[in-house]
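Notes to accompany the following structure.
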Number of protein chains: 2
Amino acid sequence: MRRPTLEAVAARAGVSRATASRVVNGQTTVAPHIRDAVQQAIDELGYVPNSAARSLVTQRTDSIALVVSEPPTRVFSEDPLFSTVIRMASVELEAVNKQVVLMLASSAKSHARVERYIAGGHVDGAMLISMHGADPLPPAIARLRVPVVSYGRPAVPVDIPYVDNDNVGGAEAAVRHLVESGRRRIATIAGPQDMIGGQDRLTGYRNVLRDSDRRSIVAVGDFTRESGAVAMRQLLGDDPGLDAVFVANDLMAVGALQSLRQAGRRVPDDVAVVGFDDIEAAKYTEPPLTTIRHPIAEQTAAMVRLLLDLFEGGPGDPVILPTELVVRESA
Amino acid sequence: MRRPTLEAVAARAGVSRATASRVVNGQTTVAPHIRDAVQQAIDELGYVPNSAARSLVTQRTDSIALVVSEPPTRVFSEDPLFSTVIRMASVELEAVNKQVVLMLASSAKSHARVERYIAGGHVDGAMLISMHGADPLPPAIARLRVPVVSYGRPAVPVDIPYVDNDNVGGAEAAVRHLVESGRRRIATIAGPQDMIGGQDRLTGYRNVLRDSDRRSIVAVGDFTRESGAVAMRQLLGDDPGLDAVFVANDLMAVGALQSLRQAGRRVPDDVAVVGFDDIEAAKYTEPPLTTIRHPIAEQTAAMVRLLLDLFEGGPGDPVILPTELVVRESA
DNA sequence: GGTGGACGAGAGAGCGCTCTCTCGCCAGAT
DNA sequence: ATCTGGCGAGAGAGCGCTCTCTCGTCCACC
């Protein structure tokens, strides 16, 4: 009662195993009537190729590792980044008949595991989702001679093709919007400085403030809602006269709005707020949040394309996608 | 420059391939000094077993399909259910050295794909996450003679072991809480009736109302925030005198709170609201949401255990986990 | 009519591993 | 000294597939 093999199909169709294989793999050098006979045998037996046997000889596995290297706090949070990326990547890869093997690599132990797994040739390539600068995984995997791409620029300079959005440009657009609407004392709640997104968005903020001759007022959060609320309270303590704040992600911005409300500040009348990410919840805050949208779906699609290109020997040039200011009512 | 094989390891250690294989697989019938020699050869060569070759002969793959069968609207939404389940399942399976192959099965085309893939012996077993009653996948996969478990009770009676939370009991607890706090006209915003969770939670609501001699007032949403807002407006139109509403999930409850605010109703003074799920955002609504907590992480862990038991020939009895009323300020 | 070429189909090797079967060796019993 | 038993290690088959090489056939052209 085991699964039928190619041998069985060939026998039933009265041809050789090689010919049956040709039909299965869609080669054209098979006469139509033979092709039909084989196809019929396949249907009758319910034949499905054994992938292990196939990849043993082809040296391909048709599966791709999607490595999520991030502490649980962030993956578990309300931030839809990871689920969106995972989902989009699956859709894109399934469209080209590749399987997605999901691997989480939060601990040092799991790092070793992932490294061994990828080194072991279980997958044809890997996609890395890691925003942490201290993360040892990107350089480690880059050494493995397996095609790898990264979602987001790796924090340490390492020769991995990547796809990122224009964090600096987006932050600049956000702060410029505040400057142009006449705000004078513009603070920021920055993200973690060991993450590339945190760094770049702070850089964008600083760039514009420098050019417009304003003083920078900085608090640092960790991209969670709660840390945004804490940072906002701290900023209000440091500089009660601030009239605007650029928050490095929307989740922290939601927390900041909460602190502003508790402190009796009106948004945007007293304090203007601009976030970053344009998560779903940004539409539903009170008031709705002005923010920077970056296209997660397109970025993911671009990442998948980049990896597929790499398989074909493509150059693997980094891709930077533009961001967009979405003006709602908070600024 | 290809990867070292077991043959190479054996040659370097001066033993046969069979002996090297014994060492790799941790068999005890190998003399210590030979074991050491082989281990050293493995380390020096950086040998990693070829999984394709191994599973060709063992007929195992050590990977498990995680099939998410749900329309994009829900997976994409803010509902953290899927990302939590996916994450927890990964952690649990990685702990026992199994790989997670993620498959999305939203369209009919992808259904066929998933079915073929699982039938093709690419995985040792499958975990199904599907809340849709109309979903043809569970019965189809159940026929494949591959160990399968389901997250949530399959809507059509089909012989698949499953793990679910006590939706009926949870809904009963929620509505009983409203009854006991003296509410008279208790409405509900039900979930989609083609989903088991939607059905069961409505059943729980009806059970308690029947027993407490109250009239049921029902609107139906689709588990999204927006549909909750719409349903709440509709309920207020149908019965302006309602003084409580049990909402079948928190996301819709958030929408309902919004509609209540717009209609000038105070919560909980005029209308009490109880949700279901206890998502993160439930803590941050205005006022914080009273809701039913069900343990997603434990449910996922139980699902994984159930599948592993199945591999060992376990009985595969369904597991139902209890829920818990979390009283905050909305009711 | 003979030859060359093109093309379709089969034979068979081999991918890297596991596992059964066999064999050799040594210890202990007779 | 011979035999038996047990255990550790090797030989070799075979998992199911792909792919190269070879061969046979048929047609076209000289």
Side-chain angles (χ1 to χ4, degrees), chain A residues 1-42 45-63 97 116-117 119-124, chain B residues 1-42 45-63 97 116-117 119-124:
Chain A
M1 188 54 194
R2 57 195 320 149
R3 290 169 45 206
T5 69
L6 195 57
E7 189 78 52
V9 171
R12 189 182 192 95
V15 299
S16 73
R17 207 172 56 244
T19 301
S21 173
R22 282 191 263 268
V23 174
V24 169
N25 293 291
Q27 291 188 12
T28 50
T29 64
V30 180
H33 72 280
I34 292 196
R35 160 181 311 262
D36 291 346
V38 172
Q39 190 58 54
Q40 189 181 340
I42 289 174
L45 294 174
Y47 170 76
V48 181
N50 179 314
S51 58
R54 176 178 278 172
S55 52
L56 181 58
V57 42
T58 58
Q59 309 278 23
R60 283 182 297 101
T61 62
D62 284 335
S63 54
N97 263 300
R116 282 195 24 162
Y117 188 79
H122 297 70
V123 291
D124 297 342
Chain B
M1 188 56 194
R2 56 196 318 150
R3 290 169 44 207
T5 69
L6 194 57
E7 188 78 53
V9 171
R12 188 181 192 96
V15 299
S16 73
R17 207 173 54 244
T19 301
S21 174
R22 287 187 188 101
V23 174
V24 170
N25 293 291
Q27 291 188 12
T28 50
T29 63
V30 181
H33 71 279
I34 291 197
R35 162 182 308 264
D36 291 346
V38 172
Q39 190 58 55
Q40 190 181 339
I42 289 173
L45 295 173
Y47 171 76
V48 182
N50 179 314
S51 58
R54 175 178 278 171
S55 53
L56 181 59
V57 40
T58 58
Q59 310 278 21
R60 283 183 296 102
T61 62
D62 285 335
S63 54
N97 262 300
R116 283 196 23 164
Y117 188 78
H122 298 68
V123 291
D124 297 342

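Naming convention: chains lettered A, B, ... in sequence-line order (proteins, then strands); numbering from 1 in each chain.
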D:dG10, C:dA9, D:dC15: which one has an atom nearest the side-chain heavy atoms of A:Ile34?
C:dA9
Measure from the side chain of A:Ser16, starting at C-beta and using heavy atoms only, and say which of C:dA11, D:dC15, D:dG16 lies closest.
C:dA11
B:Ser21 side chain: which of D:dG10, C:dC15, C:dT18 is closest?
C:dT18
B:Arg22 has a side chain; which of D:dG10, C:dG10, D:dG16 sits nearest to it?
D:dG10
Please pick, from C:dG16, C:dC19, D:dA13, the nucleotide with the shortest atom-to-atom distance to any side-chain atom of B:Arg17.
D:dA13
How is A:Val24 classified with respect to the nucleic acid when contacts are heavy atoms under 4.0 Å: base, sugar-phosphate, or nothing?
nothing
Contact class for A:Ala31 vs. all strands (heavy atom < 4.0 Å): base, sugar-phosphate, or nothing?
sugar-phosphate
Given C:dC17, C:dA11, D:dC17, which nucleotide is nearest the side-chain atoms of A:Ala18?
C:dA11
Search all heavy atoms of B:Leu45 against all heavy atoms of B:Pro4 and return the closest pair with its distance.
O-CG, 3.5 Å
Among C:dT18, C:dA9, D:dT18, the nucleotide that comes nearest once only the side chain of A:Asn25 is considered:
D:dT18
Min side-chain heavy-atom separation A:Val24-A:Pro49 under 4.5 Å:
yes
Given C:dC15, D:dA9, C:dC19, the nucleotide with the shortest approach to the side chain of B:Thr58
C:dC19
As a test of reading the structure: which of D:dG10, C:dC17, C:dA9 is closest to the side chain of B:Asn50, going by heavy atoms?
C:dC17
Would you confirm whether B:Thr58, through its side chain, and B:Arg54, through its main-chain N or O, come within 3.5 Å as a donor-acceptor pair?
yes
